[in-house]
There are 2 protein chains.
Amino acid sequence: MANGEREFLLNYHKEDYDRPSVAVDLVLFTLQDGKLTVFLQPREEHPYQGVLALPGTFVDTRESIDDAVRRCLLQKIRLDGIYFEQLYTFGAVDRDPRMRIISVAYYALVSADKLLEMDPTGDVLTHFYPVCEMDFPLAFDHRTIVECGVARIAGKAEYTDIAFELLPADFTLPQLQAVYEILLGKPLYKANFRKKIADKIVATDRMTAPDGHRPSQIYNKKPAPEVSGDQ
Amino acid sequence: MANGEREFLLNYHKEDYDRPSVAVDLVLFTLQDGKLTVFLQPREEHPYQGVLALPGTFVDTRESIDDAVRRCLLQKIRLDGIYFEQLYTFGAVDRDPRMRIISVAYYALVSADKLLEMDPTGDVLTHFYPVCEMDFPLAFDHRTIVECGVARIAGKAEYTDIAFELLPADFTLPQLQAVYEILLGKPLYKANFRKKIADKIVATDRMTAPDGHRPSQIYNKKPAPEVSGDQ
DNA sequence: ATACTTAGTAGTAGTTTGCTACTAAGTATA
DNA sequence: TATACTTAGTAGCAAACTACTACTAAGTAT
């Protein structure tokens, strides 16, 4: 038995844990090299010491679940003001070998652009792993949680605008189409795609810098329509 | 201050509750008189004594969340083997005035038919209230939870087969169309509707009993295709 | 017979989707 | 300077789906 594991068992008192604890776990997605990637960190403690895991934290009595997510993003990844949404609550009895922990999973989306802005060294980016190449163990039920997140964003890409969250404010239509294709996991027809998103974007008068071929026009997301009245 | 309320406050010891408790709350839908209705019960205890509330229960350390839902359905409504699915987890700090309770909300669907089968007196059916006529107070954040459930089944009716859960095994196409129209909240065109669901149903050779007009053919849901291979 | 009610089908215009083929604007190189 | 190469962007058509009107079918009521 490893040292850390023994220490954990010695300090474990069941009566401390006789009702479920609640944690949040965060599936933070971004795009790198045309692939969907997810933030993972080796665990520092038992169980699963050294195994890659999603960032998470216990929910404090005095904070809402959403606030726990914001705190987790800020404390563990130094990220702020990004899109996140509740995913699913995982509550199998034995999902954590220590004690009963119910995990409210959230997913979050951030552009690689914003990650570099927050952390110019690019260190954060090295913690992201392509979801299609996770041929390594994950702690707890975190593989299930990631898969649940991938399925959710694939579904939501069809009828919401979450794809924009993975791009900077300035983007080209080939870039935007690539994001949709990655999220949906299938190729799209250029002409149809453009007709469909035409009313969600506004063209700027700028073009991409010359790059060995025809430059592309730069677009922005159209601001959400005001819910206006006369008030 | 009412008697029950004082008693509650006298017995309240904060230190008993210094981590969030986890409960499940259940939004059980059925159809009555062409309206979507939800199961509600007056609360027997403070807070919100006498106010209508969703059935719910605390999650025990030794059961999964889904098992807590099954137990709640069985103990509180005497229902078994019906369709249910996780809805959303509600965790505002002050959603329960007693203490911090995080509620994992589920929705469930049952045919009025099955309710009568389980409880031939029809007593259970009197606990269902039309979701469009809930002009009375609800306990806690239960109105929000019900609205969340209504929105979810409206969305899922579009791309899943949940509508069938609200009908008995034998149904007619006008009945099925009515269910879709109630869930989606909009009228559908008969001919188009029939083309679209044609591959999800099988006709029987039976017709509805004469009822003052042309009888209708009885259909069943087509069994889900086997995920077969050669094994 | 005929009127009334609900069940069910035919057909058509307009829109969306799947797909092929083209033109446009840059660079690289012969 | 022509032409090949690359990526950006548009045109257009057939098939499928949607919105809608109009019909026929099968029962009951008078």
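Chain naming here is simple, since letters A, B, ... match the order of the sequence lines and numbering starts at 1 in each. Side chains included, hydrogens not; waters and symmetry mates left out as well; all remaining heavy atoms used.
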Grab the [atom1]-[atom2] distance between [X] and [N] for me, whole Å please.
{"X": "A:Phe193", "N": "C:dC19", "atom1": "CZ", "atom2": "P", "answer": "17 Å"}
{"X": "A:Leu184", "N": "C:dT17", "atom1": "CG", "atom2": "P", "answer": "12 Å"}
{"X": "A:Lys195", "N": "C:dT17", "atom1": "NZ", "atom2": "C1'", "answer": "8 Å"}
{"X": "B:Arg194", "N": "C:dG11", "atom1": "CZ", "atom2": "C1'", "answer": "16 Å"}

Determine, for A:Lys221 against A:Asp161, whether the closest basic-nitrogen to carboxylate-oxygen distance falls under 4.0 angstrom.
yes

Would you mind checking if B:Arg78 and B:Asp123 are paired as a salt bridge, meaning a charged N to carboxylate O distance below 4.0 Å?
no

Sugar-phosphate, base or nothing in reach of A:Lys196, heavy atoms under 4.0 Å:
sugar-phosphate

Working to the nearest 0.5 Å, report the span between OH of B:Tyr219 and CZ of B:Arg194.
6.5 Å

Treating A:Thr204 as the side-chain partner and A:Ile218 as the backbone partner, does any N or O pair qualify as donor plus acceptor under 3.5 Å?
yes

Kindly say if A:Tyr189 contacts the phosphate of C:dG18, meaning a side-chain N or O under 4.0 Å from OP1 or OP2.
no

Between B:Lys190 and B:Arg214, whichever has its closest DNA chain D nucleotide further toward 5' is B:Lys190

Hey, do the aromatic rings of B:Phe140 and B:Phe90 have their centres closer than 6.0 Å?
no

So which nucleotide does D:dG27 pair with, by the Watson-Crick or G-U wobble rule with both distances under 3.5 Å?
C:dC4

Any strand: nucleotide that pairs with D:dC17 via Watson-Crick or wobble, under 3.5 Å
C:dG14

Please determine, by modelled atom types, if A:Thr89 and B:Thr89 share a side-chain donor-acceptor pair under 3.5 angstrom.
yes

If you walk 5' to 3' along DNA chain D, what is the first nucleotide with an atom under 4.0 Å of a heavy atom in chain B, and what is the last?
D:dT18 to D:dT28

Is the shortest side-chain heavy-atom distance between A:Ile101 and A:Val22 below 4.5 Å?
no

Whichever of B:Gly212 and B:Tyr219 has its nearest DNA chain C nucleotide further upstream toward 5'
B:Gly212

If you find the nucleotide of DNA chain C closest to B:Leu173 and the one closest to B:Asn192, which residue's nucleotide is nearer the 5' end?
B:Leu173

